[in-house]
Amino acid sequence: MPGINYFYPEFEVVRNDARCIRCQVCARQCANEVHSYDPERDLMLSDESKCVNCQRCVSLCPTRALKIVKSDCRLRENANWEGDTIREVYKQALSGGVLLSSMGNPKNYPVYWDKILINASQVTNPSIDPLREPMETRVFLGKKPEKLERDENGNLKCELTPQLELSMPVMFSAMSYGSISYNAHESLARASKELGIYYNTGEGGLHEDFYVYGPNTIVQVASGRFGVHRDYMEAGAAVEIKMGQGAKPGIGGHLPGTKVGPDVSRTRMIPEGSDAISPAPHHDIYSIEDLRQLVYSIKEATGHKKPVIVKVAAVHNIAAIASGIARSGADIIAIDGFRGGTGAAPTRIRDSVGIPIELALAAVDQRLRDEGIRGNVSLVVGGSIRSSADVVKAIALGADACYIATAALLALGCHLCRTCQTGNCNWGIATQKPELVKRLNPDLGYKRLVNLMTAWNHEIKELMGGMGINSIEALRGNRLMLRGVGLTDAELRILGISHAGE
Amino acid sequence: MKRVYVNEKWCLGCHLCEYNCAFANSGETDMAKALRGKVIHPRLHIEGQGEIHYAVSCRHCTDPLCVKSCISGALSIQDGTVKIDHDKCVGCLTCVLVCPYGAVAPGPDGAATKCELCLENACGAPACAAGCPNNAIVYEEREEASA
């Protein structure tokens, strides 16, 4: 559009010229073409208007000559009209379009994990040293029997409905092939296999090369049904019906045609270059009864051998929704909080729709217990689980396991620049451009994921040991192990925990 | 014997290996001091075109043409590594001519230079492999025998 450009670049590239050796690695590695070399003046130049602060150049500069800082050129300060708010108005005045964003909600809402503290044993009960004594973090996900049953000979009946066995209570949550790269998927798949956990295909189908990781794969069936066919369903260890996503509750998805190359096209079973649009609702689900039909269709199709997960976004009425799902025949409910990540979502929806996972989890666990149906399902929560401490708090609030995605991408090199929607990921994660995809070598990527999860598992054991608990089962729903700080009565009531000091 | 292997599939063409190589063989402890404002003479080179790149460095052949053709006895094999004695080199550059890989190059002082696996400098192991951000250059033992 003609007229004046109102935007001053958000970031500044600061180059320490005494250190710069003109190797031009920054120029070669920036897909946004921020850096360039002027041979006439023997100078490195920067066009900071293109910089997204992904820090690829910073990480690769061999002399640490570079840093990216926030520009201090500011609009006049205004507590009501903040700079970002004004810039968004300018953007829309220029484009006339919906604002797009990626990764999780960055706004300053309360993070309840940081207002919950964990207990430890002192004097009256012994703590346990996980380096000396066995500590169990293995988890089984699926419906649990209400009571022990014996056959006519008095032997225990041991047949359970299908269960997922996890070596630790964390899984990699749904990220589609399309939204993330082939190499990112391979890293997740290989790490899951080595760790004895699961990763999730998202709704992009399963690339033919990754069928070998089927026993560690959760295959997703979402509203667009992309890539869903018999072999796909049979390949996975479990099938997840995606009803909603924490970053964008109530809307579907959109993978732009530019990302649908030959491989993505084949995997999703859609024409090359076509936009992959997932509708907001499943067009065959308008009630819990409809959901039940799909759950049982999937169970029939897979010979009742695989647990079925129903994933929903955490929204206001989540407890009642979960209660319905627990009666639908689903084996596992996955709840995604409003801080959950995304490859692209309308900014207003990402930043203003949904509720925090901590409150949703506590409300759902309590509701299912009150109704006596907690054993019908396992609960998996995601939507910004950032550390092993968050995992322990989630389990003590009632979760069986956690889903992580942002943390996993960080392990792969993501620097949370939140521009996935551009498809220009300098780290080779959220891109389909071959020259960028190759920047993520899965030999290195999968090892980082394994390291991260191994570290978390050690920490989970340490935290459990401190509480005098030697099995993750004994921590689940054990809210006495939690105390709140700086929370209101309503928040404490919903979380079902006491205030610190009580 | 451990050798430097390159993997074209993972090479990003960032050229970091060339600068790490030049720094490793500079004798300096500060990279900026070693390389700023200088023309570098790395002992390996990134070749390629478009989106295909790969590093080329000495294969440390078991029967090397460069050693055979050296007229001054500057090139020799020591413990499997092809080494060059800069004091003996007369700068005829026959080695540059005969190397089938293009792995030997004229150095800044006229004598030939080549990769000595960083065994002669302070690194002790190839700096190109250690500094490669994507495992496109690795230094490892492999079963296969080199030419």
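Predicted, not measured: the structure shown is a model, and the values here were computed from it. Values reported hereafter were calculated over all heavy atoms of this structure, with side chains retained and with hydrogens, waters and symmetry mates removed. Each chain gets a letter, A, B and so on, in the order the sequences are listed, and its residues count up from 1.
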At a heavy-atom separation under 4.5 Å, does [X] approach chain B through its side chain, its backbone, both, or neither?
| X | result |
| --- | --- |
| Ala18(A) | backbone |
| Cys26(A) | neither |
| Leu444(A) | side chain |
| Glu435(A) | both |
| Asp42(A) | neither |
| Leu440(A) | backbone |

Interatomic distance, [X] atom [atom1] to [Y] atom [atom2] [nearest 0.5 angstrom]:
| X | Y | atom1 | atom2 | result |
| --- | --- | --- | --- | --- |
| Tyr19(B) | Gln24(A) | OH | CD | 6.0 Å |
| Arg64(A) | Met31(B) | CZ | CE | 11.0 Å |
| Arg28(A) | His53(B) | CZ | NE2 | 9.5 Å |
| Cys61(A) | Leu16(B) | SG | CG | 8.5 Å |
| Lys438(A) | Leu12(B) | NZ | CG | 6.5 Å |
| Asp443(A) | Trp10(B) | CG | CH2 | 7.0 Å |

Hey, are the side chains of Asp17(A) and Arg36(B) touching, using non-hydrogen atoms and a 4.5 Å cut-off? yes
Part of Lys33(B) within contact of chain A (heavy atom distance under 4.5 Å): neither
Which heavy atom in Leu60(A) sits nearest to a heavy atom in Pro133(B), and how many Å separate them? CD2-CG, 4.0 Å
Check: Asn441(A) side chain, Ala136(B) main-chain N or O, donor-acceptor pair, under 3.5 Å: no
State whether the number of non-hydrogen atoms from other residues, nucleotides or ligands found under 6.0 Å of [X] atom [atom1] is greater than 12.
| X | atom1 | result |
| --- | --- | --- |
| Lys38(B) | NZ | yes |
| Glu33(A) | CD | no |
| Arg448(A) | CZ | no |
| His458(A) | NE2 | no |
| Gln78(B) | CD | yes |
| Ile52(B) | CD1 | no |
| Asp79(B) | CG | no |

Taking Gly50(B), Ala34(B), Gly131(B), Cys11(B) one by one, which has the highest count of heavy-atom pairs under 4.5 Å against chain A? Cys11(B)
